[in-house]
*Asks:* 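This is the structure, below, for whatever I ask next.
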Amino acid sequence: MNERFLRLKKDFIILYLARNGIVTFLIALFSMAYDLCQYYQISFAQGIVKIFSNSIFTWLYFMLIWIFNYLIFEIYKILTDAYRKKYSFNFKIKQHRYTFYFVIVLMFILGIIVLMSHLVTLFKMDLVCMFVFMILRSCKEMIKNRL
Amino acid sequence: MNQKSKMNLLISTICTCLVVCSLYFMYDIFAFHTYGDVRTFDDILSLNDDKYQLDGVEIYKDRNNIKISEGTLTIDSSSFQQSTYQIVLSLVDHQNKASYRIVQDFDYQNNQDKIQLSEQTLEFELNDLTKASIQIKSNQDIIYQHDLTITPVKPLYSANKEYRLASSTVAPYYMKLGYLTTTNQNIIKQYPYVSLEYRYLKTHKKNKNNDNNYVVFKKVSGLSKNLVNHKNNDIYRQDSKDARLDHKDLSVVVIFSKDNGKSFVFKMDLSLEAGE
């Protein structure tokens, strides 16, 4: 029983370590399926199927978008971990002290710029989802580092 | 920022630049192979009733429009006199509880037994075709009416990196030939003539790599500038006594040629799209 529990724990640790890869994959999947279901006027599930069944070029491009998402998230992580304390201010809610990171505002502005740009729907959706994911991570860090 | 983070940032940035370049330069190829024809339904309407026959008329939804291809209606000339008649096609979508009528007039000439139906584009909200019928009327008198047979058409997929056969579909005894599209615009200048040979393998047991094992059933030739990247609604009808087209190993041989006899030849398999 104990051995089984340890194996299960190990599986969860692997999933936890791969969480960024999994989320960036889901964002790429969602963006491309959304784009395809808008274009072909099909259901979202059919859009997902079409990514992998349409043509080798479609799913190769999907893989590239996933790698792109993962890389920009890595860059974001390195930069925010290094500079977030420098560009922040503190505030207090009840008994906790929080630090607000300005990177959240920056991501929000970038998201709006992307929405208003003339990018194709696929990249527009993908980048907006990535910015939302980055904002969520910053919010998580805010709660995690509260005093 | 520590040394390790700087190194990670540098590697990630270089990799991102490479991926962004790949995404940028591959986008045209991706779009070419991904964003094809949009069709929610695609059917063939036919009629085979004693002296009345309707040769496969294709009806399909192209975005917000319903399109009906041209066709030939064979009639029993003994029931007609020299006058103006109306052909009414009724289309019923049971799921969405909607029905539509398409009316076309024709002037009957003596001993005429074939009526040419013209291609039409209609702005209907038809999402699925469940029943269709035909009526021939003179003023309010119904001369003839009968249900039409609806045969769903299967889309065909055929492509390599630079070339794709678009809008190609197959039904048991009918094939829409489609048209050749390419991302390589120079090919039209380099090779002014093109020929597309549609063929099928004689039997499944024969070797696919031997060109002698194929039957060429349709050949389309002409100037590259007229045939490449230009929509074409040409169709091929197979005699119903022969084997079904949708059960055959279909392929197309594309031959680009110059005045001096030099040519560029390649072949592409025509396969049913996934899920068909």
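What you see below is based on every heavy atom in this structure, not just the backbone, and it leaves out hydrogens, waters and symmetry mates. Here the structure is a predicted model, which means the values were calculated and not measured. Chain A is the first sequence line, chain B the second, and so forth, proteins listed ahead of strands; every chain is numbered from 1.
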*Asks:* Using the side chain to side chain contact (heavy atoms under 4.5 Å, CB included) rule, take Tyr157(B) and Leu272(B) through it: C-alpha gap first, then chi angles, then the decisive distance, then the call.
*Replies:* CA-CA 6 Å; Tyr157(B) 179 78; Leu272(B) 293 175; over 6 Å; no

*Asks:* How close do Asn209(B) and Lys267(B) get, counting heavy atoms only, and between which atoms?
*Replies:*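 That would be O-NZ, 4.4 Å.
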
*Asks:* Do Asn2(B) and Ser5(B) get their side chains close enough for a donor-acceptor pair, meaning under 3.5 Å?
*Replies:*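 Judged by distance alone, the side chains do pair up.
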
*Asks:* Can you give me every donor-acceptor pair (side chain of residues 123-131 of chain A, partner residue at least two apart or in another chain, under 3.5 Å) with its distance?
*Replies:*
from, atom 1, to, atom 2, distance (Å)
Lys124(A), NZ, Leu115(A), O, 3.4
Lys124(A), NZ, Ser117(A), O, 3.1
Asp126(A), OD1, Ser31(A), OG, 3.4
Asp126(A), OD1, Asn69(A), ND2, 2.8

*Asks:* Is chain A contacted by the side chain of Phe32(B), its backbone, both, or neither, given a heavy-atom distance below 4.5 Å?
*Replies:*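 No part of it gets close to chain A.
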
*Asks:* So which residue, Phe68(A), Tyr70(A), Tyr61(A), Tyr83(A), ends up with the most heavy-atom pairs under 4.5 Å with chain B?
*Replies:* Tyr61(A)

*Asks:* Taking every non-hydrogen pair under 4.5 Å, which of Leu79(A), Ile42(A), Leu71(A) racks up the most with chain B?
*Replies:* Leu71(A)

*Asks:* With a 4.5 angstrom heavy-atom cut-off, could you sort out which part of Met63(A) is near chain B: side chain, backbone, both or neither?
*Replies:*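 Interface part for Met63(A): neither.
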
*Asks:* Counting only heavy atoms closer than 4.5 Å, note whether Lys161(B) contacts chain A via side chain, backbone, both or neither.
*Replies:* both

*Asks:* Just give me the residue among Ile51(A), Leu36(A), Asp81(A), Val120(A) that pairs up with chain B most often, heavy atom to heavy atom, under 4.5 Å.
*Replies:* Val120(A)

*Asks:* Considering residues, nucleotides and ligands other than Met26(B), do more than 12 of their heavy atoms fall under 6.0 Å from its CE?
*Replies:* yes

*Asks:* Please check this pair: side chain of Asp269(B) against backbone of Ser271(B), looking for a donor-acceptor N/O pair closer than 3.5 Å.
*Replies:*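 Answer holds: no.
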
*Asks:* With respect to chain A, which residue among Thr13(B), Thr16(B), Leu23(B) yields the maximal number of heavy-atom pairs within a distance under 4.5 Å?
*Replies:* Leu23(B)

